[in-house]
Amino acid sequence: TYSSTPASTNMSERMNTTEIFDGIRFPGFMHTLESLNAACAFQFQDTDVLLVTFPKSGTTWMQQVLSLIFCEGHLWPIHHLPNWARMPWIEQTSFSSLLPKLSSSWPRLLTSHLCAKALAPALMKSKAKVVYMARNPKDALVSFYHFHQIAGFLPNPSSFEDFVDEFLKGTGFFGSWFDHVKGWLGLQKDLNLHFVTYEELHQEPRRTIQKLSEFLGHPLRAGEEDVILEHCSFSFMSNSNMVNYSLLSKEIIDQSQGKFLRKGVVGDWKEHFTPELNEKFNAVYQSKMGDSGLCLPWTMD
Ligand code: A3P
């Protein structure tokens, strides 16, 4: 069973703690140095599929899509297994108990928010497939800002302006968005990596899912695309306890203050950024990403 309360008092005691790993802050609620080190030493199998994201880039959405691609229309896991049990985060403390319970009917589907520097050495020892999902950083930031207000294991931001500053400096939880994206996309030639964006899944879901299934070597049969599209829609996911985090207690995520599946749109940053903040963000974005040589699909205005 997947209980709605922390598994142990140890977990609730860790609610407000921070783990610093390689200079990056992680919520101590679900990370320890031991669990983070174990992730970096994880033995990937050639058949593994690892989803990597910076938080709030559409992780849960892609977990749903990947589960749907592999379950081939047999929807039991979609209706009965929470996303974190279907596609556990390799760096979290719960991973060691969730890993043995993964279905043997399809590849091990795994998730991580770790940066490339931490995970690449372990990954390079295998031919595991990596799906790297990114989102316009302004929208990821806005989503993360709201998430900090409902997640008991993250501090409440003092203001939106301060949150933007921290994001631009890369000193917030899970580190720098810029380093995350540059690090992972810089490994496209070294890893078996497929780059996908929140925006393309939003704008061209069918085409994006087809490209994913080609990369995964898992062709979809007639009608399967429609089943996938239905079950990864914002409305279906908002109402599904298996992906909307309603199974977690109020202490962990308090959805009376705002939903985990909040808006699910592209461009919500425009409702949050003042022209001054936007200018500041664009200047830092340009200085950090301008010479990256990466072809990123979003515009900053
Ligand atoms: P918003 O806060 O902008 O609404 P993550 O899973 O990485 O934490 O990302 C959460 C973000 O993805 C939230 O963004 C959430 O609403 C959005 N999301 C989740 N499922 C979605 C879906 N089916 N369609 C569109 N957006 C979705």
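Along the sequence shown, the residues carry numbers beginning at 1. Just so you know, ligand 1 is whichever comes first in the structure, and atom 1 is the first atom listed for that ligand.
- Polar contact with ligand 1: absent for His202 (N/O pair, distance under 3.5 Å).
- Residues His113 and His31 have side chains that never bring a donor and an acceptor to within less than 3.5 angstrom of each other.
- The ligand atoms of ligand 1 that sit less than 4.0 angstrom from a heavy atom of Cys232 are 23 (N).
- Between Arg86 and Ser67 the shortest heavy-atom distance is NH1-OG, 3.2 Å.
- In this structure Ser57 satisfies the side-chain hydrogen bond (donor to acceptor under 3.5 Å, both in side chains) test with no other residue, sequence neighbours excluded.
- Atom-to-atom distance recorded for Tyr132:OH and Thr197:OG1 is 11.5 Å, nearest 0.5 angstrom.
- For atom 15 (C) of ligand 1, the closest non-hydrogen atom on the protein side is Phe260 O, 4.0 Å.
- Looking at Arg135, Met237, Lys259, His231 and measuring to atom 14 (O) of ligand 1, the nearest heavy atom belongs to Arg135.
- Counting heavy-atom neighbours within 6.0 Å of Lys117 NZ, excluding the residue itself, gives a total of 12 or less.
- Looking at Tyr198 next to ligand 1, an N or O pair under 3.5 Å apart turns up.
- Lys280 and Asp165 are joined by a salt bridge, as a carboxylate oxygen and a charged side-chain nitrogen come within less than 4.0 angstrom of each other.
- In summary, the atoms of ligand 1 found under 4.0 Å from a heavy atom of Ser233, numbered by their order in the structure, are 23 (N).
- Checked against a 3.5 angstrom limit, the closest N/O atoms of Val265 and ligand 1 fall outside it.
- Between Phe42 and Phe44, the ring planes lie perpendicular to each other; the angle is over 60°, past the 30° to 60° tilted range.
- Atoms of ligand 1 lying under 4.0 Å from any heavy atom of Lys263, numbered from 1 in the order shown and given with element: 4 (O).
- Nearest protein heavy-atom neighbour of atom 8 (O) of ligand 1: Lys56 NZ, 2.9 Å.
- One option in Gln64, Arg262, Met133 has a heavy atom closer to atom 16 (O) of ligand 1 than any other, and that option is Arg262.
- Considering both main-chain and side-chain atoms, Asp139 never comes within under 3.5 Å of ligand 1 through any nitrogen or oxygen pair.
- Counting heavy atoms from C-beta on, the side chains of Phe236 and Leu229 never come closer than 4.5 Å.
- In terms of polar-atom proximity, defined here as any N/O pair under 3.5 Å, Leu261 makes no such contact with ligand 1.
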| request: Apply the test side-chain hydrogen bond (donor to acceptor under 3.5 Å, both in side chains) to residues Ser249 and Glu251: give CA-CA distance (whole Å), side-chain angles for both, the deciding distance (0.1 Å), then the verdict. | output: CA-CA 5 Å; Ser249 72; Glu251 286 68 42; 3.3 Å; yes

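- A ring pair (Phe, Tyr, Trp, His ring centres under 6.0 Å) with His180 is found for exactly one of Phe174, Phe167, Phe54, namely Phe54.
- For atom 7 (O) of ligand 1, the closest non-hydrogen atom on the protein side is Thr59 OG1, 2.4 Å.
- The ligand atoms of ligand 1 that sit less than 4.0 angstrom from a heavy atom of Ser143 are 1 (P), 2 (O), 3 (O), 11 (C), 13 (C), 14 (O).
- The shortest N or O to N or O distance between Gly58 and ligand 1 is below 3.5 Å.
- Annotation: atom 6 (O) of ligand 1 to nearest protein heavy atom, Thr60 OG1, 2.5 Å.
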